Undergrad: 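Dropping the structure in here first, questions after.
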2 protein chains.
Amino acid sequence: MQSGCRRGRGLGWWHGHIRGYGYRMTAQREAVLEIMTKTREHLSAEDIYHQLHNLYPNIGLTTIYRTLELLVDTGLVYKFDFGDGRARYEISEGPDSPDHHHHLVCTCCGKITNYTDFIDKERKLLNETEMGLSKKFNFKITNHLIQFYGLCEKCNKDEK
Amino acid sequence: MQSGCRRGRGLGWWHGHIRGYGYRMTAQREAVLEIMTKTREHLSAEDIYHQLHNLYPNIGLTTIYRTLELLVDTGLVYKFDFGDGRARYEISEGPDSPDHHHHLVCTCCGKITNYTDFIDKERKLLNETEMGLSKKFNFKITNHLIQFYGLCEKCNKDEK
DNA sequence: ATGATAATGGAAATCATTATCAATAAGGAG
DNA sequence: CTCCTTATTGATAATGATTTCCATTATCAT
């Protein structure tokens, strides 16, 4: 994939990105990114905190929050609200990446299912809509959110 | 419109709905609905609380929250998260109503703009997507959320 | 009108997220 | 490589929206 970009010192590909924004690279930020890139789950700040606590017993929850904010601001991470009262984060693949996906949220058990199907059609509609709305309302659209809610297979069965 | 349904006693059209779910009709619920139906704004629980405080000085914020939860559960009201740290509520017109709309959220000043354009195209795509996803993941979709984020006309100007 | 029970409201509790601030560490200059 | 400026960290306290508790009150079927 992008293995050709690896440097001898084992720096993550995100170093340049972070430094480019004028931020310093720290072990804590490294650690958070390490975790984010290795999972497809939708972690909360506390999830990350707990996972890191083994490796870095002294890392503070505050730092996790601050780091996540930074990562969201620089576009490395997406922040989501699935309605369970805490924010959830996921590494950004960019809206044009083939990995770009949206979410099905089970309103019963909270399970999140990623889907990539229909993304192309969605993207087409979204582009049209964004252009139309931008023009009509003079609204400069920078982002969008699509989410489906319902019952996952398991909860749907259990309900009967 | 639906004025033919009015009864002599001035009961809101929602009485039957609420009673139908086995809930009692109270002055407080009446009052919250009264406000919700008279505005196109996206009120928070506290907004409603303050607006009601003039008429019902003794109404409790707790009751507002409980009432809103009830109204959401019975489908009379939609609950939204526009990212400003508090839930916002809006009377439901039903996803098939001609008043059904989605939202543009200004990430700078928080302004919410309703739009009804493109809703038809959206609905078409959403239906297809919902059917496809339901089948593929055995996920029973009951609801969806679409939101656009960006800068409203004013904030976009001010930024320059 | 009466009684069973749902609903209310005020205060206290939760809980995710932020603010504060002294101590620490990153990284550019020399 | 070392020093120094300044961003970053982490422990703790604060915040603020939403919930929980529970004694009091109001609804409505009978």
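Everything quoted here is computed from the prediction, not taken from an experiment. Protein chains get the first letters and strands the later ones, always in sequence-line order, with residue 1 at the start of each.
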Undergrad: From the set dT19(D), dG10(D), dG28(C), return the single nucleotide nearest to any side-chain atom of Gln28(A).
TA: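 Of dT19(D), dG10(D), dG28(C), dG10(D) is nearest to the side chain of Gln28(A).
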Undergrad: Say whether, by atom type as modelled, one donor and one acceptor occur between the side chain of Arg29(A) and the main chain of Arg24(A) under 3.5 angstrom.
TA: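 Yes.
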Undergrad: So, the side chain of Ser44(B) versus the backbone of Ala87(B): is there a donor-acceptor pair under 3.5 Å, distance only?
TA: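 No, Ser44(B) side chain to Ala87(B) backbone: no donor-acceptor pair under 3.5 Å.
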Undergrad: Roughly, in whole Å, what's the span from CD in Glu46(A) to P in dC15(C)?
TA: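 Glu46(A) atom CD is separated from dC15(C) atom P by 10 Å.
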Undergrad: Please state whether the phosphate of dT18(D), meaning OP1 or OP2, lies under 4.0 angstrom from any side-chain nitrogen or oxygen of Tyr65(B).
TA: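 Yes, Tyr65(B) has a side-chain N/O under 4.0 Å of OP1/OP2 on dT18(D).
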Undergrad: Side chain of Tyr23(A), heavy atoms from C-beta onward: which of dT18(D), dT17(C), dT8(D) has the nearest atom to it?
TA: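 Closest nucleotide among those given: dT8(D).
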Undergrad: Please tell me if Ser44(B) has a side-chain N or O lying less than 4.0 Å from either OP1 or OP2 of dA17(D).
TA: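 Answer is no, no contact under 4.0 Å.
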Undergrad: Need one value for Ala27(A): base, sugar-phosphate or nothing, where a base atom within 4.0 Å counts as base even if backbone is also close, heavy atoms only.
TA: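 No contact.
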Undergrad: If we ignore angles and hydrogens, is there a donor and acceptor under 3.5 Å between the side chains of Gln147(A) and His103(A)?
TA: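 Side chains of Gln147(A) and His103(A): no pair found under 3.5 Å.
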Undergrad: Output the rounded distance in Å from CG (Asp84(A)) to C1' (dA16(C)).
TA: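 The answer, rounded to whole Å, is 11 Å.
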Undergrad: Determine: side-chain N/O of Arg29(B) to OP1/OP2 of dA7(C), distance under 4.0 Å, yes or no.
TA: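 Affirmative; the distance criterion is met.
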Undergrad: A quick test of your reading: do over 12 heavy atoms of other residues, nucleotides or ligands sit less than 6.0 Å from CD of Glu128(B)?
TA: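 Buried by this count: over 12 neighbours within 6.0 Å.
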Undergrad: Rounded to the nearest Å, what distance is computed from the NE2 atom of residue His53(B) to the C1' atom of nucleotide dG10(C)?
TA: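 Distance check: His53(B) NE2 to dG10(C) C1' gives 11 Å.
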Undergrad: Pick the nucleotide of DNA chain C nearest each of Gly22(B) and Thr62(B); which residue has the one closer to the 5' end?
TA: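 Its nearest nucleotide lies further toward 5', so the answer is Gly22(B).
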Undergrad: Nearest to the side chain of Ile59(B), which nucleotide is it out of dG9(C), dG10(D), dT27(D)?
TA: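 For Ile59(B), the side-chain atoms sit closest to dG9(C).
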Undergrad: Round to the nearest Å and state the distance from Ile48(B) atom CD1 to dT8(C) atom P.
TA: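 Spelled out: CD1 on Ile48(B) to P on dT8(C) is 14 Å.
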Undergrad: Between the base of dG10(D) and the side chain of Arg66(A), is there a donor and acceptor pair under 3.5 angstrom?
TA: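 A donor-acceptor contact between them is present.
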Undergrad: Starting at atom CZ of Arg19(B), determine the distance to atom C1' of dA6(C), rounded to an integer number of angstrom.
TA: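 In whole Å, dA6(C) C1' and Arg19(B) CZ are 11 Å from each other.
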Undergrad: Distance check needed: dA26(C) C1' versus Ile18(A) CD1, whole Å only.
TA: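 So the CD1-C1' distance, Ile18(A) to dA26(C), works out to 14 Å.
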Undergrad: Is the phosphate of dT9(D), meaning OP1 or OP2, less than 4.0 Å from a side-chain N or O of Arg24(A)?
TA: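 Answer is no, no contact under 4.0 Å.
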Undergrad: Measure the shortest side-chain to side-chain distance between Leu68(A) and Lys79(A) over non-hydrogen atoms and say whether it is less than 4.5 angstrom.
TA: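 No, too far: nothing below the 4.5 Å cut-off.
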Undergrad: Which residue, Arg88(A) or Thr63(B), contacts DNA chain C at a nucleotide closer to its 5' end, judged by nearest heavy atom?
TA: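 The residue mapped nearer the 5' terminus is Thr63(B).
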Undergrad: With the side chain of Arg86(B) defined as its heavy atoms from C-beta on, choose the nearest nucleotide among dA17(D), dA16(C), dA7(C).
TA: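 Between dA17(D), dA16(C), dA7(C), the one nearest the side chain of Arg86(B) would be dA17(D).
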Undergrad: Would you kindly give the CD1-to-C1' distance between Ile64(A) and dT18(C), to the nearest whole Å?
TA: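 The distance from CD1 of Ile64(A) to C1' of dT18(C) comes to 15 Å, rounded to the nearest Å.
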Undergrad: Quick one: on DNA chain D, does Leu61(B) or Pro57(A) contact a more 5' nucleotide (nearest heavy atom)?
TA: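 Result: Pro57(A).
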Undergrad: In this structure, how many angstroms lie between the P atom of dA23(C) and the CG atom of Asn58(A), rounded?
TA: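 Interatomic distance, CG of Asn58(A) to P of dA23(C): 17 Å.
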Undergrad: Establish, from distance only, whether the side-chain atoms of His144(B) and Glu122(B) form a donor-acceptor pair under 3.5 Å.
TA: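 Checked: His144(B)/Glu122(B) side chains show no N/O donor-acceptor pair below 3.5 Å.
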